[in-house]
Amino acid sequence: MLKMRMKRFTDRGDRAVQRLTEIRASITNLSNDDLLDLADIFKAKPRPPIGDMAFDEMARRDISL
């Protein structure tokens, strides 16, 4: 029973990491206009993690709102 529970927790963690990787890739693949729209939606402080990802990508591309 404990082994099954641990495997489930591990699988859940692996899926969460994979999903986060997919989200980061999606943000990276956005056009500049779409990235600016996303950043505008999540610009309020404190920013949620997706807003931080959008602003990090904007900094990498050297664009701003």
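Just so it is clear, the model here is predicted, and its values are computed rather than measured. Residues take their numbers from the sequence shown, with the count starting at 1.
- Annotation: the span from Ile50 atom CD1 to Arg24 atom CZ amounts to 10.5 Å, rounded to 0.5 Å.
- When the side-chain contact (heavy atoms from CB on, under 4.5 Å) test is applied to Arg8, the partners found at least two apart in sequence or on another chain are Arg5.
- For the atom pair Phe55 CZ and Leu35 CG, the distance stands at 9.0 Å (nearest 0.5 Å).
- Sorted by first and then second residue, the salt bridge (Lys or Arg N to Asp or Glu O under 4.0 Å) pairs involving residues 47-58 (not counting sequence neighbours) are Arg47-Asp52, Glu57-Arg60, Glu57-Arg61.
- Partners of Leu36 according to the side-chain contact (heavy atoms from CB on, under 4.5 Å) rule, which considers only residues two or more places apart in sequence or in another chain, are Met58, Ile63, Leu65.
- In plain terms, the two heavy atoms of Ala54 and Ile27 that are nearest each other are CA-CG2, 4.2 Å.
- The salt bridge (Lys or Arg N to Asp or Glu O under 4.0 Å) pairs that include a residue from residues 29-40 are Asp40-Lys43, where partners are two or more places apart or lie in different chains.
- Between Phe42 and Pro48 the shortest heavy-atom distance is CD2-CG, 3.4 Å.
- By the salt bridge (Lys or Arg N to Asp or Glu O under 4.0 Å) test, Asp11 pairs with Lys7, sequence neighbours left out.
- By the side-chain contact (heavy atoms from CB on, under 4.5 Å) test, Gln18 is found to be paired with Glu22, residues two or more places apart in sequence or in another chain being considered.
- Lys3 is linked by a salt bridge (Lys or Arg N to Asp or Glu O under 4.0 Å) to nothing, counting only residues two or more places apart in sequence or in another chain.
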